[in-house]
Amino acid sequence: MVPLKSDRLDAGQIRSGLATEAKQNLRQLTLLQDVDSTNTAILRLPGEQQHAHVILAERQTGGRGRRERSWHSPAGGNIYLSLGWWFMQNTWPLSTLPLVVAIAVCRALSRAGLQGHGIKWPNDILVDSRKLAGILVELQSAGQGPAVAVIGVGLNVRMPSETPGDIEGAIDRPWTDLVSQLGPENSGISRNHLVVLLLEELLTGLELFETMGFEAFRASWQSLDLLNSGEIRLEQNGQNRAGIARGVDKNGSLLLEIPDSGVVAFYSGEVSIHRD
Ligand code: BTN
């Protein structure tokens, strides 16, 4: 797919498109042509420059995913966005933050006109069982004191492809992009507009999370959870567990009902839908 010429990321357009509150809460917006990883770029900043700092890039040469995977990040059509956030008081379990971020991304996608998307625990955004967006939240904290979160969002908008088949070599699981899902009448959707929606939802979500914690998001989680009450398989450290997904606990851990073991909480692992 050929990227639209007019769809270059533009920091001025993004800033001016933001609602007043988001504009006030965003301290810095840095737009890069090329970077290894926008998450790494935030982590490299001195601590005092990380809070409310957004880095966007047209291309990542070393885009990173969860579980030490890479994130395919070609130039010109997608969104690679990272936001640094300092939590001065560690009031709520930050292990729920990746779920809160996924909800914020889903809300932004709904505002962009998408329907039928949801979250595969902990934070894969899928449509029709295909991955549309991935989230990598990296936390650094010193015990009970302040913690910094680097929130990375990769959204496939208009996946560039030079040679048919080249993407299949780079992405090892079913994927999709937003323009394919929105249909031809919305194929011109602007990435600047999408970044505005993402930032508004992320900043509002972070504010709500800081005051109310994950419980303020539980109902949204339940409506977006693609696994709930389904038979799934969870792979953790080379071990497979099969069971029925029963939502998440207050720490964001997946609750899995396992025959003969009852409901067990898992804080990490890779989920697949169980099919025999
Ligand atoms: C995953 O699903 O495995 C998470 C993918 C996260 C990708 C984004 S792109 C912006 C930010 N920078 C990175 O290197 N990774 C995240």
Side-chain angles (χ1 to χ4, degrees), residues 9 11 14 28-45 50 52-85 95 97-106 108-109 117-127 129-140 148-160 167 170-178 191-192 194-195 197-199 201-202 206 224 226-227 234-236 252 254 267-273:
L9 291 172
I14 294 167
Q28 207 169 333
L29 179 65
T30 303
L31 180 52
L32 302 172
Q33 188 59 38
D34 280 312
V35 71
D36 49 355
S37 147
T38 53
N39 266 33
T40 310
I42 295 272
L43 287 167
R44 273 196 295 260
L45 291 170
Q50 288 174 324
H53 190 148
V54 168
I55 297 186
L56 282 160
E58 284 286 1
R59 179 171 83 120
Q60 297 185 119
T61 52
R64 297 187 288 111
R66 287 178 58 243
R67 299 167 68 82
E68 310 203 346
R69 292 204 175 97
S70 60
W71 185 255
H72 185 54
S73 310
N78 295 328
I79 292 174
Y80 315 114
L81 177 156
S82 296
L83 164 65
W85 200 261
S95 50
L97 183 62
L99 285 61
V100 167
V101 171
I103 292 166
V105 172
C106 283
L109 291 168
H117 52 296
I119 306 167
K120 180 170 80 105
W121 181 89
N123 55 17
D124 285 348
I125 314 285
L126 306 185
V127 195
S129 307
R130 296 178 169 273
K131 187 148 162 175
L132 174 66
I135 291 159
L136 177 66
V137 175
E138 297 182 281
L139 292 166
Q140 290 182 342
V148 61
V150 178
I151 296 165
V153 180
L155 172 61
N156 299 332
V157 180
R158 194 174 283 111
M159 182 68 85
I167 299 175
I171 309 181
D172 62 355
R173 51 202 60 213
W175 63 275
T176 186
D177 63 9
L178 189 61
R191 283 187 299 154
N192 291 312
L194 289 167
V195 170
L197 299 180
L198 284 170
L199 291 180
E201 293 301 331
L202 285 169
L206 283 166
L224 290 163
L226 293 172
L227 304 178
L234 182 96
E235 189 271 319
Q236 192 191 42
L254 177 71
Y267 71 91
S268 71
E270 178 80 10
V271 169
S272 52
I273 309 291

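Counting starts at 1 for both ligands and their atoms, in listed order. Numbering of residues begins at 1 and proceeds along the displayed sequence.
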- For Thr38 and Gln60, test the side chains for any donor-to-acceptor distance below 3.5 angstrom and give the result as yes or no. yes
- Message: Distance alone, cut at 3.5 Å: any donor-acceptor contact between the side chains of Asn39 and Ser82?
- Response: yes
Identify the closest protein heavy atom to [atom]: which residue and atom is it, and at what distance?
| atom | answer |
| --- | --- |
| atom 9 (S) of ligand 1 | Gln60 NE2, 3.4 Å |
| atom 3 (O) of ligand 1 | Arg66 N, 2.7 Å |
| atom 5 (C) of ligand 1 | Trp71 CE3, 3.4 Å |
| atom 2 (O) of ligand 1 | Lys131 NZ, 2.6 Å |
| atom 15 (N) of ligand 1 | Arg64 O, 2.7 Å |
| atom 8 (C) of ligand 1 | Gly154 N, 3.6 Å |

- Note on the structure: Exactly one of Val54, Val101, Ile42 clears side chain to side chain contact (heavy atoms under 4.5 Å, CB included) with Ile151, and that residue is Val101
- Find the distance between NE2 (His72) and CG (Asn156) and round it off to the nearest 0.5 Å. 8.5 Å
- Message: As an exercise, state the distance from CH2 of Trp85 to NE2 of His53, rounded to the nearest 0.5 Å.
- Response: 13.5 Å
- Shortest non-hydrogen separation from Ser268 to Leu234 and the atoms involved: O-CD2, 4.1 Å
- Give the contacting part of Ser82 toward ligand 1: side chain, backbone, both or neither, where contact means a heavy-atom distance below 4.0 Å. side chain
Run the numbers for me: atoms of ligand 1, each under 4.0 Å from some heavy atom of [X], listed by number.
| X | answer |
| --- | --- |
| Thr38 | 10 (C), 11 (C), 12 (N) |
| Val153 | 8 (C), 9 (S), 10 (C) |
| Gly65 | 1 (C), 3 (O), 4 (C), 5 (C) |
| Leu81 | 10 (C) |
| Gly63 | 14 (O) |

- Item | Side chain proximity check, Trp71 to Arg64, heavy atoms < 4.5 angstrom | no
- Query: So do Pro74 and Met159 actually touch side chain to side chain, heavy atoms under 4.5 Å?
  - Reply: yes
